[in-house]
There are 2 protein chains.
Amino acid sequence: MENDLLRWFRETLPSHKQLVLGAGDDAAIIQISEGKQLVATTDMLMDGVDFRVGEHDPAQIGHKALAVNLSDLAAMAARPVAALVSLCLPRRGGEELAKQLYTGLTELASYFNCAIAGGDTNSWEGPLVISVTVLGEVQAGREWRRSGARIGDQILVTGSFGGSILGKHLTFYPWNVEALWLAEHLEVHAAIDVSDGLSLDLSRLAEASGLGAAIELERVPIHPLAEFLAAQKSDGVTPLEHALSDGEDFELILAVDPSHANGFFELHPEWRRCLTPIGHFVESKGLWSVSESDLKPLVPRGYEHRLDP
Amino acid sequence: MENDLLRWFRETLPSHKQLVLGAGDDAAIIQISEGKQLVATTDMLMDGVDFRVGEHDPAQIGHKALAVNLSDLAAMAARPVAALVSLCLPRRGGEELAKQLYTGLTELASYFNCAIAGGDTNSWEGPLVISVTVLGEVQAGREWRRSGARIGDQILVTGSFGGSILGKHLTFYPWNVEALWLAEHLEVHAAIDVSDGLSLDLSRLAEASGLGAAIELERVPIHPLAEFLAAQKSDGVTPLEHALSDGEDFELILAVDPSHANGFFELHPEWRRCLTPIGHFVESKGLWSVSESDLKPLVPRGYEHRLDP
């Protein structure tokens with residue numbers, strides 16, 4: 001659904017003089033002053049979809065609501081500045097819930113030196129909904145976009161993938177600090193954060209760049225929780241399949257020239273621990289798995305919001 | 001509820017170097033570059049509270065979701081630049097609903113030359129929720145705040161009040177164009193937009209300025225819909241009471257030195273049609289009605305989101 005509607009948005013929404021980059025990337029870019037660009041992103045989280053009130057710690061829910069937005073700024077190499085928080089609170093117990101949400105929100109905001117600039121607090125008979133908007137800044141032309149990958153670029157990923165639903169989706173710290181550092185030390189051609197699944201978001205980055213992506217499956221870093229989930233569920237879904245298709249990893253995918261990547265790892269060997277090459281970008285559009293230099297089609301899988309007609 | 005929680009926010013939320021003005025006004029002000037300030041505001045609207053899907057035209061719902069945010073920027077004399085739109089769509093029929101919402105959104109955005117910069121589109125089993133964030137800009141120090149009213153300032157209001165629930169709340173055009181013009185031609189000490197009711201929002205402006213507000217009740221401009229509503233309901237609530245307490249008028253309240261106001265009206269007599277003096281600010285805190293130069297206490301009334309413990 002998101003893809004169809006996004007396409008419709010792109011075709012329908014009018015352009016604007018100050019809108020450097022609109023719908024379709026991790027965040028929007030707005031020209032506010034010469035040289036400096038405003039980066040804005042928003043994510044809405046709903047009880048029963050993104051978390052469960054009564055089951056999850058409200059402070060962690062607040063943490064997540066901000067963290068998913070910060071992750072979008074990390075994917076653009078933009079520095080977070082301020083957040084706006086809108087709440088639909090269930091009428092019963094809403095005030096106490098709001099305060100607990102804000103405990104998690106403000107702790108994470110302080111960690112990344114991001115102001116909480118305001119918001120809107122409402123109540124209703126329905127379940128909790130949190131909508132967070134984060135504003136950041138980046139020097140003009142220095143942002144990472146989805147659309148800059150080149151043929152032959154290495155696919156680098158942070159961290160490891162899969163099994164986030166077992167708890168990591170509520171407690172993860174996005175890669176903002178590292179992304180700002182990388183933007184100074186590594187020539188990144190394109191980037192995206194993995195919110196809906198490694199294979200799905202990688203295919204989105206490749207599509208935005210007009211390329212295909214070829215994954216060496218044995219190189220995909222698998223999170224211990226993915227191993228645990230596969231063992232626990234014993235439904236035949238392998239840890240690798242979890243790593244490729246589970247949503248909410250909030251790792252980054254970067255496109256980097258292989259010679260730059262090699263030079264970078266020689267200078268900064270410690271980065272090998274949290275940045276893994278898992279393949280490269282190819283001319284043939286689509287997603288591929290590499291086996292003995294052959295490309296086999298791979299179906300992108302991940303989380304998409306479903307809508308019925 | 002909003003007042004209690006807002007107080008808690010003000011006491012709890014940490015300050016930030018780039019946050020010129022945080023929670024508690026119509027919008028937040030963020031320092032992005034020298035001289036120019038970013039103004040950010042967000043409002044969340046819910047099915048069954050702010051509109052009714054199935055009863056109201058979805059294009060009008062989209063219009064309203066953006067208009068209420070633009071009104072916050074009008075109240076700060078900030079120029080709208082871009083909007084972000086987050087949706088919780090009911091799964092059934094959600095895509096068609098989204099497109100209709102966007103028809104109203106984009107029409108209004110174009111009217112005010114405001115980009116729709118992106119957003120987040122989700123689906124769930126619950127009712128429609130729309131969260132819109134609008135970003136604008138204002139020269140540093142040129143914004144209108146709630147806190148600048150002075151003793152003796154005239155209370156000027158745009159338009160007329162009451163009965164908005166009969167339809168105006170879905171179709172109104174906020175005062176953005178006029179506010180930007182007024183900011184150039186009239187020395188405004190303080191401003192607020194009336195979202196929750198004239199008497200309630202006036203008392204908020206007065207409180208933020210550390211003053212009281214005295215209304216000459218016979219001067220309050222009553223909207224024809226307030227007359228109609230009073231006649232229709234025949235529950236004893238007068239048109240004036242509707243004008244004082246109905247929410248969602250989205251008119252502006254301005255605090256202006258009376259001699260400036262007089263000079264302004266002489267130069268621009270056409271403004272008498274849409275800008276009405278209804279009283280003045282006084283030293284005694286609280287809300288008052290003026291009758292033959294006596295001040296009688298007046299209870300601020302309006303819409304507040306209710307939360308149960």
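Every chain is numbered from 1 and lettered A, B, ... according to where its sequence line falls, protein lines coming before strand lines.
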Would you compute the distance between atom [atom1] of [X] and atom [atom2] of [Y] and round it to the nearest 0.5 angstrom?
X	Y	atom1	atom2	answer
A/Asp43	B/Asp120	CG	CG	4.5 Å
B/Met46	A/Ser86	CE	OG	10.0 Å
B/Ser131	A/Ile130	OG	CD1	11.5 Å

Can you tell me if CD1 on A/Ile165 sees more than 12 non-hydrogen neighbours from other groups inside 6.0 Å?
-> no
Should we count OH of B/Tyr173 as having more than 12 external heavy atoms under 6.0 Å?
-> yes
Quick one: what part of B/Glu96 sits under 4.5 Å from any heavy atom of chain A, side chain, backbone, both or neither?
-> neither
Select one option (side chain, backbone, both, neither) describing which atoms of B/Leu38 are under 4.5 Å from chain A's heavy atoms.
-> side chain
How would you list all residue pairs meeting salt bridge (Lys or Arg N to Asp or Glu O under 4.0 Å) that involve residues 57-71 of chain B, not counting sequence neighbours?
-> B/Lys64-B/Glu248
Closest contact, heavy atoms only, A/Val49 versus B/Trp124 | CG2-CB, 3.8 Å
With respect to A/Met44, which candidate in B/Val129, B/Thr121, B/Leu87 satisfies the side-chain contact (heavy atoms from CB on, under 4.5 Å) definition?
-> B/Val129
Which atoms of A/Leu105 approach chain B - backbone, side chain, both or neither, heavy atom under 4.5 Å | neither
Test side chain to side chain contact (heavy atoms under 4.5 Å, CB included) applied to B/Leu135 and A/Leu135, step by step | CA-CA 10 Å; B/Leu135 310 174; A/Leu135 309 174; 3.8 Å; yes
Only counting residues at least two apart or in another chain, list the ones meeting side chain to side chain donor-acceptor pair (under 3.5 Å) with A/Gln139.
-> none
Using a cut-off of under 4.5 Å for heavy-atom pairs, which of B/Leu45, B/Asn113, B/Val85 has the most such pairs with chain A?
-> B/Asn113
